[in-house]
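Atoms within each ligand, like the ligands themselves, are counted from 1 in listed order. Because the structure is a prediction, the values reported are computed rather than measured.
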Amino acid sequence: MIVVYILVAFAWLTYSLLNYSNSDYTLKNDVLKAGLNACILQVVQESKNAKLGVDSSTAYYLKQLKLEVDPNTLDRFVQQRFQNNYIVEYIAFSDKTVIQIQINPDQVAALDREYNRQQKIWWFQSILLLILVATGVFGVFYSINSLFKLNRRQNNFLLSVTHEFKTPIAAIRLMLQTILNPKIKEEKKAELIHKSIDNTHRLEDLTENMLTATQIEYGQYQYFKQPFDLSQLMRDIHDSHSIKGDLALEVEDGIEYVGDKVILRIAVSNLLNNAFKYSEGSSVYLKLYKDGSRIFIEVADEGSGVPKSEKKRIFSKFYRVQDEETRTTKGTGLGLFIVKRAIINHNGQIEALDNQPRGTVFRISLPL
Ligand code: ADP
(Lines give C-alpha, C1' and ligand atoms only; values in the text may rest on other atoms or scores of the structure.)
Protein backbone atom coordinates (compact mmCIF):
# COMPACT_ATOMS: atom_id res chain seq x y z
CA MET A 1 0.00 0.00 0.00
CA ILE A 2 2.71 2.47 1.06
CA VAL A 3 4.77 1.53 -2.03
CA VAL A 4 1.81 2.37 -4.31
CA TYR A 5 1.38 5.66 -2.42
CA ILE A 6 5.04 6.60 -2.93
CA LEU A 7 4.98 5.65 -6.62
CA VAL A 8 1.82 7.72 -7.23
CA ALA A 9 3.29 10.68 -5.32
CA PHE A 10 6.45 10.59 -7.43
CA ALA A 11 4.60 10.14 -10.71
CA TRP A 12 2.56 13.21 -9.78
CA LEU A 13 5.66 15.19 -8.75
CA THR A 14 7.48 14.34 -12.01
CA TYR A 15 4.38 15.15 -14.05
CA SER A 16 3.97 18.58 -12.41
CA LEU A 17 7.67 19.41 -12.77
CA LEU A 18 7.63 18.51 -16.47
CA ASN A 19 4.44 20.49 -16.87
CA TYR A 20 6.08 23.44 -15.19
CA SER A 21 9.10 23.37 -17.52
CA ASN A 22 6.72 23.04 -20.49
CA SER A 23 4.73 26.12 -19.51
CA ASP A 24 7.95 28.01 -18.76
CA TYR A 25 9.13 27.22 -22.30
CA THR A 26 5.81 28.33 -23.85
CA LEU A 27 5.89 31.56 -21.86
CA LYS A 28 9.42 32.45 -23.00
CA ASN A 29 8.44 31.64 -26.59
CA ASP A 30 5.38 33.89 -26.34
CA VAL A 31 7.48 36.73 -24.92
CA LEU A 32 9.85 36.43 -27.90
CA LYS A 33 6.93 36.51 -30.34
CA ALA A 34 5.28 39.48 -28.63
CA GLY A 35 8.61 41.30 -28.58
CA LEU A 36 8.86 40.92 -32.37
CA ASN A 37 5.84 43.20 -32.93
CA ALA A 38 7.27 45.77 -30.51
CA CYS A 39 10.58 45.63 -32.39
CA ILE A 40 8.90 46.19 -35.79
CA LEU A 41 6.86 49.08 -34.38
CA GLN A 42 9.96 50.76 -33.00
CA VAL A 43 11.83 50.30 -36.29
CA VAL A 44 8.95 51.98 -38.16
CA GLN A 45 8.83 54.79 -35.60
CA GLU A 46 12.56 55.39 -35.70
CA SER A 47 12.72 55.32 -39.49
CA LYS A 48 9.87 57.86 -39.70
CA ASN A 49 11.87 60.09 -37.42
CA ALA A 50 14.77 59.49 -39.77
CA LYS A 51 16.90 58.20 -36.93
CA LEU A 52 18.02 55.11 -38.79
CA GLY A 53 19.86 57.03 -41.48
CA VAL A 54 19.12 57.24 -45.19
CA ASP A 55 20.27 55.08 -48.04
CA SER A 56 19.25 56.99 -51.17
CA SER A 57 20.42 54.26 -53.55
CA THR A 58 17.93 51.60 -52.40
CA ALA A 59 14.30 51.60 -51.47
CA TYR A 60 13.48 49.37 -48.51
CA TYR A 61 10.09 47.95 -47.75
CA LEU A 62 8.90 46.63 -44.42
CA LYS A 63 5.40 45.16 -44.51
CA GLN A 64 4.71 47.30 -47.61
CA LEU A 65 5.91 50.48 -45.89
CA LYS A 66 8.59 52.35 -47.68
CA LEU A 67 11.42 53.07 -45.27
CA GLU A 68 14.46 55.06 -45.77
CA VAL A 69 17.15 53.47 -43.65
CA ASP A 70 20.82 52.81 -43.58
CA PRO A 71 21.21 48.97 -43.24
CA ASN A 72 24.13 49.21 -40.84
CA THR A 73 22.33 51.65 -38.51
CA LEU A 74 19.19 49.50 -38.63
CA ASP A 75 21.15 46.33 -37.75
CA ARG A 76 22.89 48.06 -34.87
CA PHE A 77 19.63 49.53 -33.59
CA VAL A 78 17.82 46.15 -33.57
CA GLN A 79 20.78 44.45 -32.01
CA GLN A 80 21.33 46.98 -29.23
CA ARG A 81 17.71 47.64 -28.33
CA PHE A 82 16.54 44.02 -28.38
CA GLN A 83 19.62 42.20 -27.19
CA ASN A 84 20.16 39.94 -30.14
CA ASN A 85 16.64 38.52 -29.90
CA TYR A 86 15.79 39.59 -33.45
CA ILE A 87 17.64 39.85 -36.74
CA VAL A 88 17.09 41.86 -39.89
CA GLU A 89 17.03 40.14 -43.22
CA TYR A 90 17.22 41.87 -46.58
CA ILE A 91 15.49 40.13 -49.47
CA ALA A 92 16.29 41.60 -52.87
CA PHE A 93 13.62 41.74 -55.57
CA SER A 94 14.06 43.28 -59.05
CA ASP A 95 13.19 46.86 -58.12
CA LYS A 96 13.18 46.81 -54.34
CA THR A 97 14.66 45.28 -51.19
CA VAL A 98 12.25 43.93 -48.57
CA ILE A 99 13.24 44.12 -44.95
CA GLN A 100 12.16 41.21 -42.85
CA ILE A 101 12.62 41.33 -39.07
CA GLN A 102 12.39 37.95 -37.45
CA ILE A 103 13.22 36.09 -34.25
CA ASN A 104 16.90 35.19 -34.09
CA PRO A 105 17.06 31.39 -34.82
CA ASP A 106 20.01 31.14 -32.38
CA GLN A 107 17.73 32.38 -29.60
CA VAL A 108 15.10 29.76 -30.49
CA ALA A 109 17.72 27.02 -30.52
CA ALA A 110 19.06 28.22 -27.13
CA LEU A 111 15.55 28.15 -25.70
CA ASP A 112 15.03 24.59 -27.03
CA ARG A 113 18.33 23.51 -25.55
CA GLU A 114 17.43 24.97 -22.17
CA TYR A 115 14.02 23.28 -22.31
CA ASN A 116 15.62 19.87 -22.99
CA ARG A 117 18.20 20.41 -20.26
CA GLN A 118 15.53 21.41 -17.77
CA GLN A 119 13.50 18.29 -18.58
CA LYS A 120 16.52 16.03 -18.10
CA ILE A 121 17.25 17.68 -14.75
CA TRP A 122 13.65 17.18 -13.57
CA TRP A 123 13.73 13.49 -14.57
CA PHE A 124 17.08 12.97 -12.90
CA GLN A 125 15.99 14.76 -9.70
CA SER A 126 12.71 12.85 -9.51
CA ILE A 127 14.38 9.46 -9.98
CA LEU A 128 17.13 10.32 -7.50
CA LEU A 129 14.58 11.50 -4.95
CA LEU A 130 12.53 8.37 -5.53
CA ILE A 131 15.57 6.18 -4.89
CA LEU A 132 16.45 8.15 -1.74
CA VAL A 133 12.92 7.99 -0.35
CA ALA A 134 12.58 4.29 -1.26
CA THR A 135 15.89 3.54 0.50
CA GLY A 136 14.75 5.53 3.54
CA VAL A 137 11.39 3.78 3.70
CA PHE A 138 13.07 0.40 3.28
CA GLY A 139 15.55 1.28 6.05
CA VAL A 140 12.78 2.34 8.44
CA PHE A 141 10.77 -0.81 7.68
CA TYR A 142 13.82 -2.99 8.14
CA SER A 143 14.67 -1.40 11.51
CA ILE A 144 11.08 -1.62 12.75
CA ASN A 145 10.90 -5.23 11.65
CA SER A 146 14.21 -6.08 13.35
CA LEU A 147 13.08 -4.33 16.55
CA PHE A 148 9.78 -6.19 16.42
CA LYS A 149 11.54 -9.53 15.98
CA LEU A 150 14.04 -8.78 18.77
CA ASN A 151 11.19 -7.76 21.05
CA ARG A 152 9.38 -11.02 20.33
CA ARG A 153 12.55 -13.01 20.95
CA GLN A 154 13.10 -11.14 24.24
CA ASN A 155 9.57 -11.94 25.34
CA ASN A 156 10.14 -15.59 24.44
CA PHE A 157 13.41 -15.46 26.35
CA LEU A 158 11.73 -14.06 29.48
CA LEU A 159 9.03 -16.73 29.31
CA SER A 160 11.49 -19.57 28.92
CA VAL A 161 14.02 -18.26 31.42
CA THR A 162 11.36 -17.98 34.15
CA HIS A 163 10.32 -21.50 33.33
CA GLU A 164 13.96 -22.68 33.34
CA PHE A 165 14.50 -21.23 36.83
CA LYS A 166 11.20 -22.29 38.32
CA THR A 167 11.39 -25.96 37.34
CA PRO A 168 14.69 -26.93 39.08
CA ILE A 169 13.91 -24.74 42.12
CA ALA A 170 10.51 -26.41 42.56
CA ALA A 171 12.10 -29.85 42.06
CA ILE A 172 14.86 -29.16 44.63
CA ARG A 173 12.31 -27.90 47.19
CA LEU A 174 10.15 -30.97 46.73
CA MET A 175 13.12 -33.32 47.08
CA LEU A 176 14.38 -31.53 50.21
CA GLN A 177 10.91 -31.72 51.76
CA THR A 178 10.84 -35.44 50.99
CA ILE A 179 14.29 -35.94 52.55
CA LEU A 180 13.00 -34.27 55.73
CA ASN A 181 10.45 -37.04 56.09
CA PRO A 182 11.85 -39.48 58.76
CA LYS A 183 10.22 -42.45 57.05
CA ILE A 184 12.37 -42.10 53.91
CA LYS A 185 15.10 -44.73 53.56
CA GLU A 186 18.79 -43.76 53.40
CA GLU A 187 19.12 -45.09 49.83
CA LYS A 188 16.23 -42.95 48.61
CA LYS A 189 17.67 -39.94 50.45
CA ALA A 190 21.03 -40.32 48.65
CA GLU A 191 19.24 -40.56 45.30
CA LEU A 192 17.23 -37.40 46.02
CA ILE A 193 20.35 -35.54 47.12
CA HIS A 194 22.10 -36.49 43.83
CA LYS A 195 19.11 -35.36 41.83
CA SER A 196 19.06 -32.06 43.74
CA ILE A 197 22.76 -31.55 42.97
CA ASP A 198 22.03 -32.23 39.27
CA ASN A 199 19.37 -29.56 39.39
CA THR A 200 21.75 -27.05 40.96
CA HIS A 201 24.17 -27.78 38.09
CA ARG A 202 21.38 -26.96 35.68
CA LEU A 203 20.78 -23.66 37.47
CA GLU A 204 24.50 -22.94 37.50
CA ASP A 205 24.78 -23.57 33.72
CA LEU A 206 21.84 -21.31 33.12
CA THR A 207 23.16 -18.39 35.18
CA GLU A 208 26.64 -18.86 33.72
CA ASN A 209 25.25 -18.70 30.18
CA MET A 210 23.24 -15.56 30.97
CA LEU A 211 26.18 -13.86 32.62
CA THR A 212 28.61 -14.80 29.82
CA ALA A 213 26.15 -13.70 27.13
CA THR A 214 25.68 -10.31 28.81
CA GLN A 215 29.43 -9.82 29.28
CA ILE A 216 30.14 -10.79 25.67
CA GLU A 217 27.35 -8.55 24.36
CA TYR A 218 28.67 -5.48 26.20
CA GLY A 219 32.34 -6.24 25.53
CA GLN A 220 33.01 -6.84 29.23
CA TYR A 221 34.13 -10.43 28.93
CA GLN A 222 37.86 -10.58 29.60
CA TYR A 223 39.39 -13.19 27.29
CA PHE A 224 42.36 -14.78 28.99
CA LYS A 225 44.39 -16.54 26.30
CA GLN A 226 47.19 -18.91 27.16
CA PRO A 227 48.67 -22.13 25.73
CA PHE A 228 46.95 -25.32 26.86
CA ASP A 229 46.34 -28.91 25.80
CA LEU A 230 43.12 -28.80 23.77
CA SER A 231 43.03 -32.63 23.49
CA GLN A 232 42.97 -32.86 27.30
CA LEU A 233 40.23 -30.22 27.52
CA MET A 234 38.07 -32.28 25.12
CA ARG A 235 38.61 -35.37 27.27
CA ASP A 236 37.60 -33.43 30.43
CA ILE A 237 34.48 -32.07 28.74
CA HIS A 238 33.66 -35.58 27.53
CA ASP A 239 33.96 -36.96 31.07
CA SER A 240 31.69 -34.34 32.60
CA HIS A 241 29.04 -34.77 29.88
CA SER A 242 29.01 -38.53 29.43
CA ILE A 243 26.57 -38.93 32.33
CA LYS A 244 23.95 -37.21 30.16
CA GLY A 245 23.86 -39.98 27.56
CA ASP A 246 25.74 -41.97 24.98
CA LEU A 247 28.73 -39.72 24.10
CA ALA A 248 31.45 -41.02 21.76
CA LEU A 249 34.87 -39.35 21.76
CA GLU A 250 37.42 -39.22 18.95
CA VAL A 251 40.37 -37.01 19.87
CA GLU A 252 43.72 -36.53 18.18
CA ASP A 253 46.35 -36.47 20.93
CA GLY A 254 48.69 -33.64 21.86
CA ILE A 255 46.98 -30.70 20.16
CA GLU A 256 48.35 -27.56 21.78
CA TYR A 257 46.35 -24.37 21.36
CA VAL A 258 46.55 -20.76 22.55
CA GLY A 259 43.14 -19.48 23.60
CA ASP A 260 40.67 -18.83 26.40
CA LYS A 261 40.16 -22.24 27.95
CA VAL A 262 37.13 -21.17 30.02
CA ILE A 263 35.09 -19.79 27.13
CA LEU A 264 36.05 -22.70 24.84
CA ARG A 265 34.86 -25.14 27.51
CA ILE A 266 31.55 -23.22 27.75
CA ALA A 267 31.23 -23.21 23.93
CA VAL A 268 31.80 -26.95 23.48
CA SER A 269 29.60 -27.72 26.52
CA ASN A 270 26.78 -25.65 25.00
CA LEU A 271 27.07 -27.63 21.75
CA LEU A 272 26.99 -30.92 23.65
CA ASN A 273 24.02 -29.82 25.79
CA ASN A 274 22.14 -28.96 22.60
CA ALA A 275 23.12 -32.23 20.93
CA PHE A 276 21.63 -34.21 23.83
CA LYS A 277 18.63 -31.92 24.12
CA TYR A 278 17.64 -32.05 20.44
CA SER A 279 18.51 -35.68 19.65
CA GLU A 280 16.05 -37.51 21.92
CA GLY A 281 18.51 -39.97 23.42
CA SER A 282 20.42 -41.00 20.29
CA SER A 283 24.23 -41.02 20.22
CA VAL A 284 26.34 -37.88 20.26
CA TYR A 285 29.92 -37.56 18.95
CA LEU A 286 32.68 -35.21 20.02
CA LYS A 287 35.64 -35.05 17.65
CA LEU A 288 38.93 -33.11 17.65
CA TYR A 289 41.43 -33.25 14.79
CA LYS A 290 44.04 -31.19 13.00
CA ASP A 291 44.10 -30.60 9.26
CA GLY A 292 46.93 -28.50 7.84
CA SER A 293 47.06 -25.22 9.72
CA ARG A 294 43.60 -25.57 11.26
CA ILE A 295 42.03 -27.38 14.18
CA PHE A 296 38.53 -28.80 13.90
CA ILE A 297 36.12 -29.54 16.73
CA GLU A 298 32.93 -31.35 15.75
CA VAL A 299 29.84 -32.06 17.80
CA ALA A 300 27.45 -34.35 15.95
CA ASP A 301 24.05 -35.78 16.83
CA GLU A 302 21.37 -37.81 15.12
CA GLY A 303 18.44 -35.70 16.24
CA SER A 304 15.85 -33.54 14.57
CA GLY A 305 18.40 -31.48 12.59
CA VAL A 306 18.31 -27.78 11.79
CA PRO A 307 16.26 -26.67 8.75
CA LYS A 308 18.35 -25.05 5.99
CA SER A 309 16.58 -21.70 6.35
CA GLU A 310 17.44 -21.55 10.08
CA LYS A 311 21.11 -22.52 9.86
CA LYS A 312 22.39 -18.94 10.02
CA ARG A 313 19.73 -17.52 12.32
CA ILE A 314 20.23 -19.98 15.18
CA PHE A 315 23.40 -18.10 16.18
CA SER A 316 21.45 -14.89 16.90
CA LYS A 317 20.76 -13.84 20.47
CA PHE A 318 17.53 -15.34 21.95
CA TYR A 319 16.79 -17.14 18.67
CA ARG A 320 14.97 -20.45 18.95
CA VAL A 321 13.65 -22.40 16.00
CA GLN A 322 10.08 -23.05 17.10
CA ASP A 323 7.58 -20.69 18.63
CA GLU A 324 7.30 -20.64 22.43
CA GLU A 325 3.80 -22.14 22.44
CA THR A 326 4.77 -25.13 20.33
CA ARG A 327 8.12 -25.66 22.00
CA THR A 328 8.74 -28.88 23.85
CA THR A 329 12.43 -28.42 24.69
CA LYS A 330 13.80 -26.07 27.30
CA GLY A 331 16.21 -23.28 26.42
CA THR A 332 16.91 -19.58 26.31
CA GLY A 333 18.37 -19.05 22.83
CA LEU A 334 21.70 -17.88 24.30
CA GLY A 335 23.84 -21.01 23.89
CA LEU A 336 24.80 -20.72 20.22
CA PHE A 337 25.09 -16.92 20.48
CA ILE A 338 27.88 -17.40 23.05
CA VAL A 339 29.52 -20.15 20.95
CA LYS A 340 29.60 -18.01 17.83
CA ARG A 341 30.99 -14.91 19.61
CA ALA A 342 33.64 -16.97 21.40
CA ILE A 343 34.78 -18.64 18.16
CA ILE A 344 34.86 -15.36 16.23
CA ASN A 345 37.02 -13.89 19.01
CA HIS A 346 39.50 -16.74 18.36
CA ASN A 347 39.46 -15.90 14.61
CA GLY A 348 37.63 -19.13 13.95
CA GLN A 349 34.41 -20.14 12.24
CA ILE A 350 31.42 -22.24 13.17
CA GLU A 351 28.83 -23.78 10.89
CA ALA A 352 25.85 -26.07 11.23
CA LEU A 353 25.98 -28.96 8.73
CA ASP A 354 23.60 -31.83 8.06
CA ASN A 355 24.62 -35.11 9.64
CA GLN A 356 23.99 -38.38 7.75
CA PRO A 357 21.48 -40.02 7.82
CA ARG A 358 19.97 -37.42 10.16
CA GLY A 359 20.85 -34.80 12.75
CA THR A 360 23.34 -31.96 12.87
CA VAL A 361 27.10 -31.52 12.94
CA PHE A 362 28.36 -28.28 14.48
CA ARG A 363 31.86 -27.79 13.12
CA ILE A 364 34.26 -25.30 14.71
CA SER A 365 37.40 -24.45 12.79
CA LEU A 366 40.23 -22.61 14.55
CA PRO A 367 43.51 -21.36 13.10
CA LEU A 368 46.60 -22.78 14.76
P1 ADP B 1 18.49 -22.97 23.19
O2 ADP B 1 18.61 -22.51 24.59
O3 ADP B 1 17.14 -22.75 22.60
O4 ADP B 1 18.98 -24.37 22.97
P5 ADP B 1 20.68 -22.18 21.47
O6 ADP B 1 21.20 -20.82 21.16
O7 ADP B 1 21.62 -23.14 22.10
O8 ADP B 1 19.41 -21.95 22.38
O9 ADP B 1 20.12 -22.81 20.15
C10 ADP B 1 19.28 -22.04 19.31
C11 ADP B 1 18.32 -22.93 18.55
O12 ADP B 1 19.04 -23.73 17.61
C13 ADP B 1 17.60 -23.92 19.43
O14 ADP B 1 16.41 -23.37 19.97
C15 ADP B 1 17.29 -25.06 18.46
O16 ADP B 1 16.09 -24.79 17.80
C17 ADP B 1 18.43 -25.01 17.46
N18 ADP B 1 19.46 -26.04 17.74
C19 ADP B 1 20.61 -25.86 18.40
N20 ADP B 1 21.34 -26.99 18.44
C21 ADP B 1 20.62 -27.92 17.78
C22 ADP B 1 20.81 -29.32 17.49
N23 ADP B 1 21.90 -29.98 17.87
N24 ADP B 1 19.85 -29.96 16.78
C25 ADP B 1 18.75 -29.29 16.35
N26 ADP B 1 18.50 -27.99 16.62
C27 ADP B 1 19.41 -27.30 17.32
Just which atoms of ligand 1 are under 4.0 Å from any heavy atom in Gly335? 5 (P), 6 (O), 7 (O)
Going by the order shown, which atoms of ligand 1 are within less than 4.0 Å of some heavy atom of Val306? 25 (C), 26 (N), 27 (C)
May I ask you to check whether Asp236 and Gln232 show a side-chain donor-acceptor distance below 3.5 Å? yes
To the closest 0.5 Å, what do you measure between CD (Gln215) and OH (Tyr223)? 10.0 Å
If the cut-off is 4.0 Å to any non-hydrogen atom of Leu334, which atoms of ligand 1 fall inside it? 6 (O), 8 (O)
Do Gln107 and Tyr86 get their side chains close enough for a donor-acceptor pair, meaning under 3.5 Å? no
Any N/O of Phe337 closer than 3.5 Å to an N/O of ligand 1? no
Looking only at side chains, do Asn181 and Lys189 share a donor and an acceptor under 3.5 Å apart? no
Salt bridge or not for Glu351 and Lys311, using N-O below 4.0 Å? no
Heavy-atom gap Thr360 to ligand 1 smaller than 4.0 Å: yes
Considering distance alone, does some N or O of Ser304 sit under 3.5 Å from an N or O of ligand 1? no
Is there a heavy atom of Gly333 sitting under 4.0 angstrom from any atom of ligand 1? yes
Report yes or no: do Gln100 and Tyr90 form a side-chain donor-acceptor pair below 3.5 Å? no
Per-atom contacts of ligand 1 with Lys277, taking only distances under 4.0 Å to non-hydrogen atoms: 1 (P), 2 (O), 4 (O)
Those atoms of ligand 1 less than 4.0 Å from some heavy atom in Gly305: 25 (C)
Mutual orientation of the aromatic rings belonging to Phe315 and Phe362 [parallel < 30°, tilted 30-60°, perpendicular > 60°]: perpendicular
Counting only heavy atoms not in Gln222, do more than 12 sit closer than 6.0 Å to its CD atom? no
Counting only heavy atoms closer than 4.0 Å, does ligand 1 sit against the backbone of Val321, its side chain, both, or neither? both
Candidate with minimal heavy-atom separation from atom 22 (C) of ligand 1, of Phe315, Tyr278, Phe318: Tyr278
Against heavy atoms of Tyr319, which atoms of ligand 1 measure under 4.0 Å? 10 (C), 11 (C)
